[in-house]
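Have a look at the structure below, then the notes.
Model, not experiment: these values are computed from the prediction.
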There are 2 protein chains.
Amino acid sequence: MTAGAKPRYQQLKDLIIRRISSGDLGPQDRVPSENELVESMNVSRMTANRAMRELTDEGYVQRVAGRGTFVADFRARSHVLEVHNIADEIERRGHAHTSEVLQQSRQHARGEIARALHIEQGVDVFHLLLVHFENGVPIQLEDRHVLAEFAPNCLEQDFRHITPSAYLTAISPLQEAEQVVRAAVPNAAVRQRLQMADNEPGLAVIRRTWSRGRPVTFARLHHPGSRYELTGHYTPPGTPKSTTDNVVELEKLQA
Amino acid sequence: MTAGAKPRYQQLKDLIIRRISSGDLGPQDRVPSENELVESMNVSRMTANRAMRELTDEGYVQRVAGRGTFVADFRARSHVLEVHNIADEIERRGHAHTSEVLQQSRQHARGEIARALHIEQGVDVFHLLLVHFENGVPIQLEDRHVLAEFAPNCLEQDFRHITPSAYLTAISPLQEAEQVVRAAVPNAAVRQRLQMADNEPGLAVIRRTWSRGRPVTFARLHHPGSRYELTGHYTPPGTPKSTTDNVVELEKLQA
DNA sequence: TGGTCTAGCCTGTATATACAACTTGGCGGG
DNA sequence: CCCGCCAAGTTGTATATACAGGCTAGACCA
């Protein structure tokens with residue numbers, strides 16, 4: 001294994017990513033300009049330019065000619081995080097989002113939760129249980145566990161006004177996510193919270209999210225099958241001209 | 001609206017993408033080298049390099065130092081297309097995939113199908129109806145319509161040996177996709193084909209796919225909720241070190 | 001015949017330089 | 001006081017040049 005030195009543009013990228021991930025640079029903060037990097041890092045401007053350009057493509061920073069380079073707002077970064085926040089999704093449809101907090105407590109992780117978060121049995125986690133409403137109709141039951149060490153102020157938040165996922169992304173950029181989607185009839189307690197009929201199928205999304213290299217939250221999102229559907233739209237990067245608004249179109253089609 | 005000329009590296013990218021999309025360049029074909037582009041397109045090598053490098057990042061081509069640049073195999077290009085092919089998914093689990101073709105016929109598009117494919121009523125489409133089995137157990141009912149003009153040889157294919165999605169991606173790269181996932185109890189005919197119990201929830205994926213700028217196929221994929229789940233794994237591009245194999249891990253966790 | 005070595009092509013990276021376009025802040029004139 | 005203009009800083013693009021390293025085909029030698 002000859003590791004070999006990484007190219008310098010990659011070293012620059014890693015440096016900036018580390019500063020963002022560590023919280024040294026927060027959203028909207030100014031990133032050193034290309035000329036500043038030329039001086040401090042002893043590289044040519046083209047090398048700095050390549051590093052920053054790639055970070056832009058990857059969604060880490062935003063650049064404005066004439067102004068500078070700024071750390072991007074991570075909520076807008078990828079499909080994952082867009083879909084992540086049900087409040088945004090509802091408001092994008094022009095509807096009203098409200099939520100009810102059923103539980104917000106500190107617990108000791110056990111069994112499945114401990115395994116999912118890669119922690120020992122008994123380590124502190126926060127347990128959040130919320131119902132999200134779209135125009136007053138229940139649309140998601142969010143059953144979430146959060147690593148306590150990751151979000152120390154979790155109990156003081158008012159999750160009626162900021163969703164857990166918005167709160168979590170504000171703490172630190174989420175770097176990796178995985179999810180499983182399945183259809184099943186949820187148990188009676190879930191059905192009751194979501195005002196579902198007996199035998200009504202539900203759509204469940206089980207999602208685990210990483211930040212700074214470790215899993216920080218594990219969520220089970222239950223939806224009534226009759227009132228909710230997951231939509232996705234995929235465009236390969238760099239397409240010459242892309243047709244937009246296809247999703248809206250398909251939604252109409254299916255309605 | 002001052003359109004303004006596109007930058008030259010973008011013109012180069014568009015040119016190559018057009019040649020790939022039009023079929024002029026097929027998978028594994030050799031793309032002109034940077035020096036050839038320098039001569040024929042009258043640009044500097046760095047500009048050609050940037051264009052080809054970005055096409056590499058976007059998955060259009062693969063480059064090997066010392067050999068050249070080649071059109072990428074589109075099956076490996078994006079999440080969408082990976083998930084697209086159920087046979088690959090099953091084989092990746094180490095299981096046996098078989099399928100039964102229930103229908104393979106030419107029809108005239110009507111109603112929803114015509115609207116989904118952006119064509120007039122009565123235009124020719126192919127209708128495919130298949131059941132996919134994993135180790136002999138039915139796991140997906142594929143109800144697909146394909147624009148006849150796009151895939152003229154569709155009726156001669158043996159879809160027991162090549163799945164429709166593999167066939168379609170072989171014809172032309174799929175450029176855009178959108179999907180809706182929902183949970184519902186399918187109708188009796190579908191339940192019977194998938195050997196589902198009455199009232200058993202099903203997971204339905206309705207997917208529409210674009211190629212060369214127009215929708216070419218519209219598929220309804222029904223799965224038994226008790227035997228199938230959708231998995232996804234999202235890593236932001238360019239992460240310094242990414243932990244892999246998380247999906248496998250979560251699958252175990254949920255089993 | 002079979003093995004080795006090298007010349008030539010290819011990509012990957014790094015630098016220096018140049019010009020264009022955009023943004024902001026400050027200066028000066030009305 | 002306000003408006004307009006200009007200078008400085010910043011990003012975006014383009015070019016020329018250079019060197020390193022991978023790959024291959026063909027020459028060359030045993």
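In this structure, the side chain of A:E39 does not engage the main chain of A:N35 through any donor-acceptor pair within 3.5 Å. Remark: the backbone N or O of B:N85 is not paired with any side-chain donor or acceptor of B:D88 at under 3.5 angstrom. Under a 3.5 Å cut-off, the side chain of B:T169 and the backbone N or O of B:S165 do form a donor-acceptor pair. Using modelled atom types, one side-chain atom of B:Q11 and one backbone atom of B:K6 make a donor-acceptor pair closer than 3.5 Å.
Residues passing the salt bridge (Lys or Arg N to Asp or Glu O under 4.0 Å) test with A:E134, sequence neighbours excluded: A:R93. Residues passing the salt bridge (Lys or Arg N to Asp or Glu O under 4.0 Å) test with B:R67, sequence neighbours excluded: none. Residues satisfying the ring-ring contact (aromatic ring centres under 6.0 Å, His included) criterion with A:Y167, sequence neighbours excluded, are A:F159.
B:V61 and B:M52 make their closest contact through CG2-O, 4.1 Å (heavy atoms, listed as atom of the first residue, atom of the second, distance).
B:R63 is not listed as a side-chain neighbour of B:L55, based on a closest heavy-atom distance of 4.5 Å or more. Counting heavy atoms from C-beta outward, A:Y228 and A:I86 have side chains that approach closer than 4.5 Å.
Of all nucleotides in DNA chain D having an atom under 4.0 Å from a heavy atom of chain A, the first and last in 5' to 3' order are D:dG9 to D:dA14.
At its two ends the helix from C:dT1-D:dA30 to C:dG30-D:dC1 runs along axes set 10° apart, each axis drawn from five pairs and the angle rounded to 10°.
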Could you run down nucleotides 3-11 of chain C 5' to 3' and tag each one B, S or - for protein heavy-atom contact under 4.0 Å?
-------BB

